[in-house]
Each structure stands twice: as structure tokens, then as C-alpha cells.
Amino acid sequence: MKTQVTPEAIQAQEFFHIPFWQQPQADIFSQRAQRLHELAAENSSDWQPYLQFLAAICTAQQTLLERYAEAEWVLPPAGTDEFPLTPALLSANNDLTGRLFTDLHTLLQQQLSPTAAQVWKELLQLSSEERSQLCQQALNQQLGVAQQDYQICVNAVVQIIYTHAALNLAATAVKPLPELGFCPCCGTDAVGAMIIGHGELEGLRYLCCGVCNSRWHSVRARCSFCDNSRDLGVHRIEQAKEGVLSGAEAECCPSCHAYRKRYRLAKQQYADPIADDLASLALDILLNEEGWQRGGANPFLLMGKVPRH
């Protein structure tokens, strides 16, 4: 009798190596800015100016990521049971964080609307401790309605800090977490997933972090929220034959009734988990109408409020 070999068994063989964790690319923010410009050009709605503004932010983030590459950052040691980039990274680098806020504002100030300029003025008038607290809340995805005006600015700074730290980690320092959908590098809930489009890793799912911009492998046959492996569904907008919606899908779990969006790189080669999420909200609207619960936090998605850009 012939023994049936499962995909998991094949992947477990020594010659088939799947890298668990992938560092962010050194030009991640430049790539995201370019993608946002492309998506803004495709978008004729009121959302277009916001995508363009985020592209400017990402360009500034790349400038600062490179400018501060040789700064004297402190990487606090993690405990044996912790992920390597803990919240202590923010408090340990409080002075550098303050400089990032100032420099980011300087790079963006010529492109700020009067409303956004006022938001930045309020933010820069806060004490160092108050801004540090906002960063901690953003990292923990706990910014409330009262702080929502600051969300974009604060998350942009937090991303620079944690992306820089992830770029300087050894792959051996990152281990899987018990919770599948949380970043093994910084502990953040995944913003979405990528389905690799070519090469040896074609067809594999990598979850993506919206804070440190790293990716980690997660078996596609399991829900990234509850680990259920039965009757998982994939929802998409079938009529979309081109553009961002042609590559955007949602993994829906009947057990926990949650979904996480994913993007097929074979259909949209330059898809970005943050940019493409913002440009494919039509899919979220349809899923919400069907009663599915969105999972995965996008640092630049302001729920229920028009962005003040």
C-alpha cells in the first residue's frame, strides 16, 4: 500500500529549508512609498490624498532610518521567554525618540495642511514622557479616540525605531511564539499576510508585522488567530481582474469568525501589507456586511474617522 505524504512532512525533510523569520528590507519604507503612489494613482476616491500623504511619510521614514543607522541605539536584553524587541526598547532610547519626532516634523512640514500642522504643534509641545507614553500605547495598539489625531505621527516614529532594531537582529534570536498571529520579533499582531509568488518559497504564507516590518512563516492550512485547521475559507472580490483588489484576499475562519487579509504576490508583485490593506477596504466592507470580524491592526488605518492629513 502506498503511503500518502503530507505537505508538512515534505517540508520537514532536511533538504527543504523554510526560513522562519525574514528581516525587513533595508529600503522597506522607500518601497512602501512607491507602492502608495501607485495605489493613489489607481484611486479616484476621497481616500487618494491620504494615500499620497502616507507616501510622503514613508519617504521621510526612509530618510530617518538611514540617518540614524549609526546612532547609539540601546537594545535592552530580552528574557528567555520574551520576544527580542520588547517595549523597553522605547524607554531605553527616549532621547533618540524625541529627536526622531523633531526630524520627522521637519521633513514633513512643507506638506502639512493647517489641520495637520496643528496636530504636530500639539504633539511637539508634549513632554518627552508624554510622547514616550503615546509610543508605548501605539506599540500596544491601545491609542484611544482622544489620541487618534496623533496616531499617524506616533506610529511612524515607532516603526522607524523597531524596524532599525529588527535590521540589526540575528535570525537565531527570533523564535516562534505560541500565538501564531503575533510577531515573534516584537510581539505585535500581524497586519496581514503575503503569499509568495515565485522561487523555492512559492505558495508559502508569511505573516507581516506592521511595526518592525519583519515577516514570519505560518502554515496556510491553519487559522492565524485560533489555530483551527478545518473548513477555512478564502474570500475575494471575484469581479476584480486587475488592480489592488485582484491580489487581495481574506482568510476566513468559521471557528473564531475572524478574518485576516492576505496578498498574492503572483498577482500583485509589489503588494505591501500596509499600503494594499488601505487601498482594498472595499473587501473589508463586504466582509463586515457578512458578519466577519476583522483581525490585524494597520497602524495607519483610522477606524471611524477621516484622516487629518
Trainee: Above 12 or not: heavy atoms from other molecules or residues under 6.0 Å from CD of Glu42?
Mentor: yes
Trainee: Return the minimal non-hydrogen interatomic distance between Thr97 and Cys135, and the atom names on each side.
Mentor: CG2-SG, 4.1 Å
Trainee: As an exercise, state the distance from CG of Leu107 to OG1 of Thr59, rounded to the nearest 0.5 Å.
Mentor: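 Those atoms lie 10.0 Å apart.
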Trainee: Quick check: do Phe53 and Leu112 have side-chain heavy atoms less than 4.5 Å from each other?
Mentor: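 A side-chain contact under 4.5 Å exists here.
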Trainee: Are any side-chain N or O atoms of Arg222 and backbone N or O atoms of Asp227, one a donor and one an acceptor, separated by less than 3.5 Å?
Mentor: yes
Trainee: Between Leu278 and Trp47, is the side chain to side chain contact (heavy atoms under 4.5 Å, CB included) condition met? List the steps.
Mentor: CA-CA 9 Å; Leu278 294 171; Trp47 203 241; 4.0 Å; yes
Trainee: Is it true that, when you exclude Tyr270 itself, more than 12 heavy atoms of the residues, nucleotides or ligands shown sit nearer than 6.0 Å to its OH?
Mentor: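 Open.
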Trainee: Applying a strict under-4.5 Å side-chain criterion to I, L, V, M, F, W and Y, I'd like to know whether Leu54 and Leu281 cluster together.
Mentor: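 In one cluster: yes.
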Trainee: Are the charged groups of Asp189 and Arg260 less than 4.0 angstrom apart, N to O?
Mentor: yes
Trainee: Can you see whether Asp284 engages Tyr259 through a side-chain donor-acceptor pair at a distance of less than 3.5 angstrom?
Mentor: yes
Trainee: Between Glu249 and Lys261, does any side-chain N to carboxylate O distance fall below 4.0 Å?
Mentor: no
Trainee: Please determine whether side chain to side chain contact (heavy atoms under 4.5 Å, CB included) holds for the pair Gln269 and His198, giving the CA-CA distance in whole Å, both sets of side-chain angles, and the decisive distance to 0.1 Å.
Mentor: CA-CA 10 Å; Gln269 180 181 356; His198 63 278; 6.0 Å; no
Trainee: Could you give me the CA-CA distance, side-chain angles and deciding distance for Arg67 and Asp103, then say whether side chain to side chain contact (heavy atoms under 4.5 Å, CB included) is met?
Mentor: CA-CA 10 Å; Arg67 181 182 299 175; Asp103 288 358; 3.5 Å; yes
Trainee: Please identify which of these residues, Asn93, Leu65, Val157, meets the side-chain contact (heavy atoms from CB on, under 4.5 Å) condition with Leu100.
Mentor: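 Checked Asn93, Leu65, Val157 against Leu100; only one passes side-chain contact (heavy atoms from CB on, under 4.5 Å): Val157.
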Trainee: Keeping Ser127 on the side-chain end and Glu130 on the backbone end, is there a donor-acceptor pair under 3.5 Å?
Mentor: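 Checking the backbone N and O of Glu130 against the side chain of Ser127, a donor-acceptor pair under 3.5 Å is found.
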Trainee: Test side chain to side chain contact (heavy atoms under 4.5 Å, CB included) on Leu204 and Arg220 and set out the steps.
Mentor: CA-CA 7 Å; Leu204 297 182; Arg220 285 172 61 180; 5.9 Å; no
Trainee: Salt bridge check: are Asp276 and Arg264 linked by an N-O gap of less than 4.0 Å?
Mentor: no
Trainee: Do Leu124 and Leu126 belong to the same hydrophobic cluster, where Ile, Leu, Val, Met, Phe, Trp and Tyr are linked whenever their side-chain heavy atoms lie under 4.5 Å apart, directly or via other members?
Mentor: yes
Trainee: Between Arg131 and Gly98, which heavy-atom pair has the shortest distance, and what is it?
Mentor: NH2-CA, 4.5 Å
Trainee: Please find out if less than 6.0 Å separates the ring center of His217 from that of Phe20.
Mentor: no
Trainee: Between CG of Asn298 and CD1 of Ile274, what distance do you get to the nearest 0.5 Å?
Mentor: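 CD1 of Ile274 is found 5.5 Å from CG of Asn298.
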Trainee: Please name the pair of heavy atoms, one in Cys252 and one in Pro254, separated by the smallest distance, quoted to 0.1 Å.
Mentor: O-CD, 3.8 Å
Trainee: Might you confirm whether atom CD of Glu72 has over 12 heavy atoms from other residues, nucleotides or ligands at distances under 6.0 Å?
Mentor: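 Count not over threshold, so no.
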Trainee: Between Arg205 and Glu251, is there a side-chain N and carboxylate O pair less than 4.0 Å apart?
Mentor: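 Salt bridge between Arg205 and Glu251, a charged N being under 4.0 Å from a carboxylate O: yes.
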Trainee: Can you tell me if Glu129 and Ser132 form a side-chain donor-acceptor pair at under 3.5 Å?
Mentor: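 The criterion, which ignores hydrogens and geometry beyond distance, is not satisfied for Ser132 and Glu129.
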Trainee: Leu89 and Ala165: which non-hydrogen atoms are nearest, and at how many Å?
Mentor: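 What the structure gives for the nearest pair is CD2-CB, 3.8 Å.
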Trainee: Do the non-hydrogen side-chain atoms of Pro87 and Gln136 ever get within less than 4.5 Å of each other?
Mentor: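 In contact.
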Trainee: Working to the nearest 0.5 Å, report the span between SG of Cys209 and OH of Tyr162.
Mentor: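 Reported value, rounded in 0.5 Å steps: 10.0 Å.
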Trainee: For a 4.5 angstrom cut-off between non-hydrogen side-chain atoms, does Val74 reach Leu96?
Mentor: no
Trainee: Do Pro84 and Leu75 have side chains that get closer than 4.5 Å, going by heavy atoms?
Mentor: no
Trainee: Roughly how far, to the nearest 0.5 Å, is the CD atom of Gln147 from the CG atom of Leu134?
Mentor: 6.0 Å
Trainee: Should Leu177 and Trp21 be regarded as members of a common hydrophobic cluster, given that ILVMFWY residues are connected when their side-chain heavy atoms come within less than 4.5 Å of each other, either directly or indirectly?
Mentor: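 Hydrophobic grouping puts Leu177 apart from Trp21.
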Trainee: Do Leu64 and Gln61 have side-chain heavy atoms sitting under 4.5 Å apart?
Mentor: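 Answer no - side chains too far apart.
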Trainee: How about Gln137: does its CD atom have over 12 heavy atoms from other parts shown lying under 6.0 Å from it?
Mentor: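 It does: Gln137 CD has more than 12 such atoms within range.
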Trainee: Starting from Val119, can I reach Val158 by hopping between I/L/V/M/F/W/Y residues whose side chains sit under 4.5 Å apart?
Mentor: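 Shared cluster, yes.
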Trainee: Does a side chain donor of either Arg35 or Gln268 reach within less than 3.5 Å of an acceptor in the other side chain?
Mentor: yes
Trainee: What is the distance from atom CG of Leu143 to atom CD of Gln151, rounded to the nearest 0.5 Å?
Mentor: 6.0 Å
Trainee: Quick one: are Tyr68 and His164 in side-chain contact, heavy atoms under 4.5 Å?
Mentor: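 No, their side chains stay 4.5 Å or more apart.
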Trainee: Going by the angle between their ring planes, with limits at 30° and 60°, are Trp292 and His257 parallel, tilted or perpendicular?
Mentor: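 Rings of Trp292 and His257: parallel, under 30°.
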Trainee: Is atom CD of Gln25 surrounded by more than 12 heavy atoms (other residues, nucleotides or ligands) closer than 6.0 Å?
Mentor: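 No - once you tally the heavy atoms of other residues, nucleotides and ligands closer than 6.0 Å, there are 12 at most.
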Trainee: Taking side chain as C-beta onward, heavy atoms only, is Leu108 less than 4.5 Å from Leu104?
Mentor: yes
Trainee: Take Thr115 and Gln118 through the side chain to side chain donor-acceptor pair (under 3.5 Å) test and state the conclusion after the steps.
Mentor: CA-CA 5 Å; Thr115 302; Gln118 179 60 34; over 6 Å; no
Trainee: Treating Gln23 as the side-chain partner and Leu169 as the backbone partner, does any N or O pair qualify as donor plus acceptor under 3.5 Å?
Mentor: yes
Trainee: Between Tyr150 and Asn155, do the side chains contain a donor N or O and an acceptor N or O under 3.5 Å apart?
Mentor: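 Checked: Asn155/Tyr150 side chains show no N/O donor-acceptor pair below 3.5 Å.
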Trainee: Can you see whether Gln62 engages Glu66 through a side-chain donor-acceptor pair at a distance of less than 3.5 angstrom?
Mentor: yes
Trainee: Minimum heavy-atom separation for Thr86 to Ala78, with atom names?
Mentor: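 Result for this residue pair: CG2-CB, 4.2 Å.
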Trainee: Hey, quick one: are Ile57 and Leu123 part of the same hydrophobic cluster, counting side-chain heavy atoms closer than 4.5 Å, chains of contacts allowed?
Mentor: yes
Trainee: I need the minimum non-hydrogen distance between Trp216 and Gly181, along with the two atoms involved.
Mentor: CZ2-O, 3.7 Å
Trainee: So, do Val211 and Cys183 sit near enough that their side-chain heavy atoms are less than 4.5 Å apart?
Mentor: no
Trainee: Can you find a side-chain donor-acceptor pair between Asn213 and Arg32 that sits under 3.5 Å?
Mentor: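 Side-chain D/A pair, Asn213 to Arg32: present.
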Trainee: Between Thr163 (side chain only) and Ile160 (backbone N and O only), is there a donor and an acceptor less than 3.5 Å apart?
Mentor: no
Trainee: Could you tell me the separation between the OG1 atom of Thr188 and the CG atom of Leu207, rounded to the nearest 0.5 Å?
Mentor: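 Separation between the atoms: 12.5 Å.
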